[in-house]
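See structure below.
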Amino acid sequence: MKRTHHCGDIRKTEVGQEVIVCGWVSRRRDHGGLIFVDLRDRSGYVQVVYDEAAMNEGTFHKAESLRSEFVIGVRGKVRARSEETVNPKMETGDIEIVCTELRILNKAKTPPFYIQDGIDVDEKVRLKYRYLDLRRPEMQKNIMLRHRVAKVMRDYFDRNGFLEIETPMLCKSTPEGARDFLVPSRVNPGQFYALPQSPQIFKQILQVAGFEKYFQIVRCFRDEDLRADRQPEFTQLDIEMSFISQEDILTMMEGMIKELFQKSIGVDVPTPFERMDWDTAMDKYGSDKPDLRFDMPLMDISEYVKGSEFKVFNAVIESGGMVKCIKVDGYADIPRRRLDDLVKFVQIYGAKGLAWIQYSEEGIKSPFKKFYSDETFAKIAEATGAKTGDLLLVVADKRLVVDTALGQLRLEMGKERGLIDPDALRFLWVVDFPMYEWSDEEKRWKAMHHPFTAPRDEDIEYLLSDPGRVKANAYDMVLNGVEIGGGSLRIYNAELQEKVFESLGLTPEQAHQKFGFMMDAFQYGTPPHGGLAFGLDRLVMIMAKCDSIRDVIAFPKNQSARDVMSEAPSEVDEKQLRELSIRVSAPKKKDKNENKDN
RNA sequence: GGCCCGGUAGUUCAGUCGGUUUAGAAUGCCGCCCUGUCACGGCGGAGAUCAUGGGUUCAAGUCCCAUCCGGGUCGCCA
C-alpha cells in the first residue's frame, strides 16, 4: 500500500481518482452506519468516509475500532462533497475520500493532550511528550519555517561568495563572557574542553587563513540561567568577512534579511534600516534594543523640577542624576492601585520609586504637587506635550537607573495601552556601542561586546586612561525590541589586541595563555575583517509570532536546563567518572521522577 | 541566589470565612444507540496520594512552616 498523495494537498482536481493516503487519526465522528475520520499528515487534513452500506463489512468493522492518533493507510476514491456538506474551514473541505481499504499501521495510546493548535496545557506536559507536541500543526509549521529560514540563508550566502565552514565543538576555555560548558578529556586526565560560546576566534582565524567570506549555522553553548528567549544551547548564523567596511557588512545583512522575510514568510522589508547610535537609544528609549513599534520617548525634565523644596528630586540632581519621564496618552485616570503596582515594577530595575503627574479633567494630581507652582506643571506639560487626560510617569535617579527603569516601564505601558501593532516589523541598527562597561561585581572594565572588537580609531588613545569614553565599531540588529544579531569590526593588529587585553585587566601572560594562538596568528598577515552573528532561534521566534524560542526549537530544555523528555542531565556510572579522573562532590540526587507519572 | 505567580480526575479549571460534599464541572476516556458530520449528537459509566513532608485545630484541598516541581523575571547572559 504505497502512498500516492498527502492529505492536505488533495483538491477538486483529484475528484474521481483513486488515492492512497497515510497519517494519524485526528478526529473520528461515528454516526453508527457512517463514520468520518479527519486524517492528518504533515501537509494537513482530509476527511475520510466509511459508509456501512457501501463497503465490505470487515473494513467497516475496522473503521469502528479507530481511535485518536492511530496510524492508518487508506485507499479510496476522491469524491466532491455535496454543496451542503462542504466545509469551508478546511483546505480540503471541498472533497472527501470514500474508503475502500483500510490498514491500521499502528494503534496508539490516548494522548495526554489534544493534538491540535491553540491548546492550553502546562508546558512540562508538552515537553515530556514532545513527540506529540511536535505533531501539532502549529509546531510543525514552526519547525518547517525554521528549515526554510536556514535554507534561504545558505542560498543567499552561497550566492554572495560565502563558504560554510565548520568549526570545533571541543574548544579551549576562554575567560571573559559567559560561563563555559566543560567537557572532560579522557586521554588528558584533569583537562577540559569547553563547548563554544560562539565560533568567534575560529572565524577570525579563518580570515587570517584567507577564506575572506565565511558563514556557518552553528550551535553555541552558554551555561547561564535560562529565559523565554535564552537556552543553554542555541543556534547562530555566524558570519565573518575580510577587506570590508562596517557599511559593507550592514548592507550585506540587510540584503539577507530582506530576502529571508520575502522568501520564508512573504513579507517585504524595506531597506536600508534605520540607524541609531547607542547613546541616543539609551537616552530616548532607555534600552540598547529599542522597540520602535510605538513611540513614547523618555524625556528629561530635570531643569523644570530642580531647586525646589522637593528633596527627592534635588538630591538626585545635585548628585549628578536626572529626572526623566514618559508620557502615557489618555491615561490620567489610571487607577491608584495600578500606580502602586508600577512603583513596585520600577523597583525591580533599581529605581527607588516612581512619581507621576496626572493631567486630569479635575486638575493636576501628583505626589509632589505641593512643592511646585501651577506654572511649573504648565511648563512641564508644554515641554512634554502633555494634554489634559495624559499621564506622566517620572523616575529620578542616576542616569543608568532612570533609563533602564523608564525603558522597561515604557514597554509595559506600550503593552498595557495596546500601542503595539502585532504585525509590525521594525528593524533598527544600533551603532557606536561603548567599548567597555563597568562591572561593579568584579570592579573592572569588561568588554561590552567581546575583547576582539575594534575601538574607534579616534578613541584608541583613551583605552587605558579613560575606558568609559571609548566607543567601538560595534553594531546590533534589533527587531521589535529584540536583539536579533550583533557584531563588530575586529582588531587585526597584535599590539592593539594586547593593549585591549591589558585594559581588561589581563596580564600579558594571561592573555598569552588564553589567546596566544590567536595573537600568534595575527602576526602572519591578518586582513582587516569584521562580521556578526544572528540568533537564529530568536529570529524564527519573531517570524513565527511566538513568545518563546522553545516553540521554535524541536527539543528545548526547561527553565532548569533539563530535557524533561530524555531526562538529561543525569548521573553517570562510577566507571565513566573513573575513566575521566573525575570525583563528584555534589550530594546524590534522588530520581526526580520516581514519584511522578506511570 | 533574590522576587512574583502556580501545582486539585488524562487535560483545563471551580472549590467562599477551615465545617451540609460522598471534592464538583467541562473536555477526554470506556460502553450502548445513531447514515452527512466536521468541536457531530443522545443515554449510561469509570476516573482524584487535592505536589511531598511536618505543624496548628474537635475538624485542613482550604491556615502555618519546610521541601520538590513548573513558568515569568532581576542578577547573570563577552
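Quick note: numbers below take in every heavy atom, side chains included, and nothing from hydrogens, waters or symmetry partners. A note on names: the letters A, B, ... follow the listed sequences, proteins ahead of strands, and every chain is numbered from 1.
- With hydrogens and angles ignored, a donor-acceptor pair closer than 3.5 Å exists between the side chain of A/D51 and the base of B/U35.
- In this structure, of B/C76, B/U37, B/C74, it is B/C76 that holds the atom nearest to the side chain of A/R179.
- Taking atom CG of A/D225 as the reference point, atom P of B/G75 lies 12 Å away to the nearest angstrom.
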Contact list (N/O, under 3.5 angstrom) for nucleotides 7-10 of chain B vs protein:
unit_1	atom_1	unit_2	atom_2	d
B/G10	O2'	A/P112	O	3.3

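- On the C1' atoms, B/C50 is 13 Å away from B/G24, given to the nearest whole Å.
- Taking atom CD on A/E567 and atom P on B/C69, their separation rounds to 13 Å, with Å as the unit.
- Base-pair partner of B/G24: B/C13 (Watson-Crick or G-U wobble, both distances under 3.5 Å).
- Remark: P of B/C77 and CD1 of A/I484 are 22 Å apart, rounded to the nearest angstrom.
- In the set B/G31, B/U12, B/C77, B/G31 carries the atom at the smallest distance from any side-chain atom of A/R67.
- If you check distances only, the side chain of A/R27 never reaches the base of B/C38 with a donor-acceptor pair under 3.5 Å.
- Rounded to a whole angstrom, the distance from the C1' atom of B/C33 to that of B/U22 is 31 Å.
- Listed candidates were B/U73, B/A39, B/G70. Nearest to the side chain of A/R562 is B/G70.
- When each of A/Y436, A/Y462, A/W445 is checked for a side chain to side chain donor-acceptor pair (under 3.5 Å) with A/S503, only A/Y436 meets the rule.
- Nearest to the side chain of A/T110, among B/C40, B/G36, B/G28, sits B/G28.
- Near RNA chain B, defined here as any heavy-atom distance below 4.0 Å, the residues from residues 86-97 of chain A are A/V86, A/N87, A/K89, A/M90, A/E96, listed numerically.
- Among the nucleotides B/G70, B/C74, B/U37, the one closest to the side chain of A/H31 is B/U37.
- Counting heavy atoms from C-beta outward, A/L504 and A/R444 have side chains that approach closer than 4.5 Å.
- Nucleotide B/C68 has B/G7 as its partner under the Watson-Crick or G-U criteria, with both atom distances under 3.5 Å.
- Protein atom CZ of A/F36 is 7 Å distant from nucleotide atom P of B/U37, rounded to whole Å.
- Using a 4.5 Å heavy-atom cutoff, the side chains of A/Y214 and A/D238 are in contact.
- The shortest side-chain heavy-atom distance between A/Q216 and A/K203 does not fall under the 4.5 Å cut-off.
- One cannot find a donor-acceptor pair under 3.5 Å joining the base of B/U35 and the side-chain atoms of A/R29.
- Comparing B/G36, B/C77, B/G72 against the side chain of A/R550 picks out B/G72 as the nearest.
- Across all strands shown, the partner of B/G41 is B/C33, judged by Watson-Crick or G-U wobble contacts whose two distances both fall under 3.5 Å.
- Which of B/U73, B/G36, B/C77 sits closest to the side chain of A/L34 comes down to B/G36.
- If you take CG of A/D122 and C1' of B/C69, they are 10 Å apart, rounded to a whole angstrom.
- Rounded to whole angstrom, the span from the CG atom of A/D120 across to the P atom of B/G6 amounts to 15 Å.
- Between A/M448 atom CE and B/C77 atom P the separation is 12 Å, expressed in whole Å.
- Pairing for B/C63 is with B/G55, a Watson-Crick or G-U wobble pair whose two hydrogen-bonding atom distances lie under 3.5 Å.
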